[in-house]
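Have a look at the structure below before the remarks.
None of the values given here were measured: they were computed from a predicted structure. For ligands, and for the atoms within them, numbers begin at 1 and follow the listed sequence.
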Amino acid sequence: MSSEREALKETAREFTRREVTPYLQDWEDAGEVPRDLHGRAAKQGLLGVSFPVDVGGEGGDLLDTIAVMEGMFEEGASSGLMAALFTSGIALPHLAASRNAELVDRFVRPTLAGELVGSLAVTEPGGGSDVANLRTTARREGDEYVVTGTKTFITSGVRADFVTTAVRTGGPGHGGISLLVVEKGAPGFTVDRVLSKTGWHCSDTAELGYAGVRVPAANLVGAENTGFAQIAEQFVVERIALAVHGYGIAGRSLALTAAYCRGRETFGTALIANQVVRHRLVEMRRQVEVARTYVHEVARRHVAGENVVAEACLAKQTAVEAAAHVCDQAVQLHGGTGYLRGTEVERHYRDARILPIGGGATEVLTDLTARLLGYTT
Ligand SMILES: Cc1cc2nc3c(=O)[nH]c(=O)nc-3n(C[C@H](O)[C@H](O)[C@H](O)COP(=O)(O)OP(=O)(O)OC[C@H]3O[C@@H](n4cnc5c(N)ncnc54)[C@H](O)[C@@H]3O)c2cc1C
């Protein structure tokens with residue numbers, strides 16, 4: 001790793017020790033992170049990493065984003081915290097890529113400065129996996145679109161100042177989808193439900209209602225009916241990021257468990273003195289190392305410009321399976337303590353459960369991978 005990237009990672013570690021871990025349980029209990037955390041992360045140069053400087057970002061690439069995430073996970077940031085703090089990573093890329101100066105000035109710059117919170121709304125109550133069949137409509141009327149529909153499971157949707165919303169502007173299927181920025185306060189745009197979840201407690205999740213919301217046509221992102229392609233283009237980065245969540249919380253759970261096994265005594269000796277325990281720690285380590293190494297490789301190839309759509313799916317699956325196993329074993333080796341609210345490994349265990357569902361369910365990504373690799377009839 002370059003010395004610059006190592007310095008960025010150290011900044012992320014230091015930020016997490018100072019600004020995140022002392023307060024994380026309070027935010028878990030409150031169901032959201034404070035808005036000013038975004039400003040503090042921006043001031044530290046963390047929020048805009050991998051966004052171009054000319055849209056208000058810090059520059060750098062996906063490997064820098066990974067360094068920030070790894071540094072934060074190493075110090076105890078949770079998967080939910082990262083989802084809530086870095087929702088900009090899914091809400092903004094399409095706007096930044098559109099090079100639309102007005103959208104960049106109104107939404108991208110202030111969000112990367114930590115002044116606004118944005119969300120991405122694709123999923124609907126009728127289904128999330130089948131993006132091409134989404135039903136929320138946007139009908140053009142003069143200089144406006146009229147948006148009608150419902151979105152659900154939207155990360156940071158309770159707090160969001162604006163929501164990059166996938167809408168149907170054209171005919172059926174993927175060719176009729178556009179992206180439209182809908183702003184808080186627009187008449188008819190409502191947070192209908194605050195969703196309570198198994199994990200990711202500090203990450204607010206909303207069901208959003210659009211009842212004939214009038215949205216300026218200037219809020220269209222890219223060309224009309226190109227929304228599906230824009231969403232699909234960003235999926236690779238989202239899947240790699242969720243893979244980092246997977247091995248990130250797994251690696252942290254392993255570190256906590258190894259320390260616990262040194263200190264905890266049963267039958268007159270330290271837990272780690274049992275060969276079966278040591279071997280279990282080694283297996284946990286193996287899964288973390290394999291996931292980290294493969295995810296790095298796929299990210300490096302993505303940054304080099306290679307098409308890694310299939311590999312990003314494999315990387316996500318490898319890392320989320322590692323998280324499922326390692327976080328489960330971390331709870332097991334902590335015994336009853338591992339089952340208590342407030343014990344860190346318990347939080348990671350619950351947070352891990354969303355990873356094979358969000359950003360593309362494992363079955364859906366596996367099917368996509370089969371098609372991309374030519375395993376078809
Ligand atoms: C905490 C959280 C945060 C989220 N954040 C966001 C967000 O910010 N923005 C957003 O737009 N969405 C968000 N989502 C939605 C997420 O992307 C969807 O939950 C996911 O895409 C799956 O969609 P679904 O829940 O409708 O499941 P469905 O599409 O109904 O699928 C249900 C299950 O069926 C299986 N399955 C589906 N299709 C197939 C198939 N073809 N073959 C075999 N099995 C299949 C899978 O196991 C899948 O989990 C979030 C979800 C959660 C829980």
Below 3.5 angstrom, do we get any N/O pair linking [X] and ligand 1?
X	answer
Gly360	no
Leu120	yes
Gly358	no
Thr155	yes
Gly128	yes
Thr152	no

Salt bridge or not for [X] and [Y], using N-O below 4.0 Å?
X	Y	result
Asp161	Arg35	yes
Arg252	Glu344	yes
Asp351	Arg347	no
Glu311	Arg301	yes
Glu70	Arg292	no
Glu6	Lys9	no

Exercise. Do Thr266 side-chain atoms and Leu271 backbone N/O form a donor-acceptor pair below 3.5 Å?
Worked result: no
Strictly less than 4.0 Å: does any protein heavy-atom distance to [atom] fall in that range?
atom	answer
atom 15 (C) of ligand 1	yes
atom 44 (N) of ligand 1	yes
atom 30 (O) of ligand 1	no
atom 33 (C) of ligand 1	no

Exercise. Below 4.0 Å from any atom of ligand 1, is there a heavy atom belonging to Val364?
Worked result: yes
For this session: Decide whether the shortest distance between a heavy atom of Ser119 and an atom of ligand 1 is less than 4.0 Å.
Result: no
For this session: Could you list which atoms of ligand 1 come closer than 4.0 Å to a heavy atom of Gly359?
Result: 17 (O)
Per-residue contact class, [X] against ligand 1 - non-hydrogen pairs under 4.0 Å:
X	answer
Thr123	both
Lys151	neither
Ser129	both

Exercise. When you look at CD of Glu233, are more than 12 heavy atoms from neighbouring residues, nucleotides or ligands closer to it than 6.0 Å?
Worked result: no
Problem set entry | CZ/Arg353: more than 12 non-hydrogen atoms of other groups inside 6.0 Å | no
For this session: Could you pull out, from Ala361, Ser203, Gly199, the option with a heavy atom nearest to atom 49 (O) of ligand 1?
Result: Ala361
For this session: Please work out whether the ring planes of His174 and Phe228 are parallel, tilted or perpendicular, with thresholds of 30° and 60°.
Result: tilted
Exercise. Distance under 6.0 Å and angle within 45° of the ring axis: does Arg239 meet both against Phe235?
Worked result: yes
